[in-house]
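Counting convention: from 1, in listed order, for ligands and their atoms alike. Along the sequence shown, residues carry numbers from 1.
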Amino acid sequence: MSVTQQLIALKTNLPQSVTLVAVSKTKPNGLILEAYESGHRDFGENKVQELTSKHEQLPKDIRWHMIGHLQRNKVKYIVPFVHLIHSVDSKRLLDEIQKQAQKINKRVAVLLQIHIAKETSKFGLDEEELEALLEQKEHYSHIDFKGLMGMATFTDDSAIIQSEFNTIKTLFDKHLHSWEKDPVLSIGMSSDYQIAIACGSNMVRIGSAIFGHR
Ligand SMILES: *Cc1c(COP(=O)(O)O)cnc(C)c1O
């Protein structure tokens, strides 16, 4: 199937309330344009360099999502145009986003990334760190706290995935009063988005199921 066919097939199966972020990392502009021409606008990248060069080269009404680990010294390159940063995993990173956003007088929408997986390699905040950050919310004049993002353990065991997604959904609901209008729970990738949606996801990040294997 072509990219357009994969997108249409996916979208007809997703509930209306779920936003599909097409993860285009490592994929050429031609494939992104094909998806764009079929009407798709939300694309996700995990590297600053690739994100900024694709933003420069592709149509300006694309909504770019930063989904990968973000280094503080690169924040300034994406703040001017990024639609949503999914991967805020430390207070120091959030401080830098606030600083750069204030500089250009822009509000930046963010998700706080929660460490839900068993793997120690995955980035993210634990519950205590999340709560400490949210207590200082008023401090961040140029940040829109939209919700949470998480990645489940890489496993075939759907019970583990489901339990991890339930953990983040519980945290998301517990802090519902903290989120800006239209809160976002970004969980679910190609292999586990159906479980994520059953657990309350309203934003899925799907790469290989649209663009093929990387
Ligand atoms: C690559 C990536 C995805 C998409 O993964 P697929 O398995 O290709 O759907 C989703 N989220 C993050 C953070 C990623 O880095």
Glu45 with Lys54: basic N within carboxylate O range, under 4.0 Å: yes

Proximal candidate to atom 2 (C) of ligand 1 [heavy atom criterion; set Met189, Arg205, His65, Lys25]: Lys25

Identity and separation of the nearest protein heavy atom to atom 6 (P) of ligand 1: Ser190 OG, 3.5 Å

Contact atoms of ligand 1, heavy-atom distance to Met151 under 4.0 Å: 13 (C)

Lys/Arg cation over aromatic Phe43: Arg63, 6.0 Å, 45° cone: no

Ionic contact status for Lys146 with Asp182, cut-off 4.0 Å: no

Electrostatic pair Arg92-Glu96, nearest N-O below 4.0 angstrom: no

Heteroatom distance test (Ile67, ligand 1): nitrogen or oxygen, under 3.5 angstrom: no

Atom indices of ligand 1 within 4.0 angstrom of Gly207 heavy atoms, with elements: 4 (C), 6 (P), 8 (O), 9 (O)

Any Arg214 heavy atom less than 4.0 Å to ligand 1: yes

Electrostatic pair Lys174-Glu127, nearest N-O below 4.0 angstrom: yes

Element-labelled atoms of ligand 1 that are located less than 4.0 Å from some non-hydrogen atom of Ile206: 9 (O)

Nearest protein heavy atom with distance in Å, relative to atom 7 (O) of ligand 1: Ser208 OG, 3.6 Å

Salt-bridge present (Asp95, Lys99; N to O < 4.0 Å): no

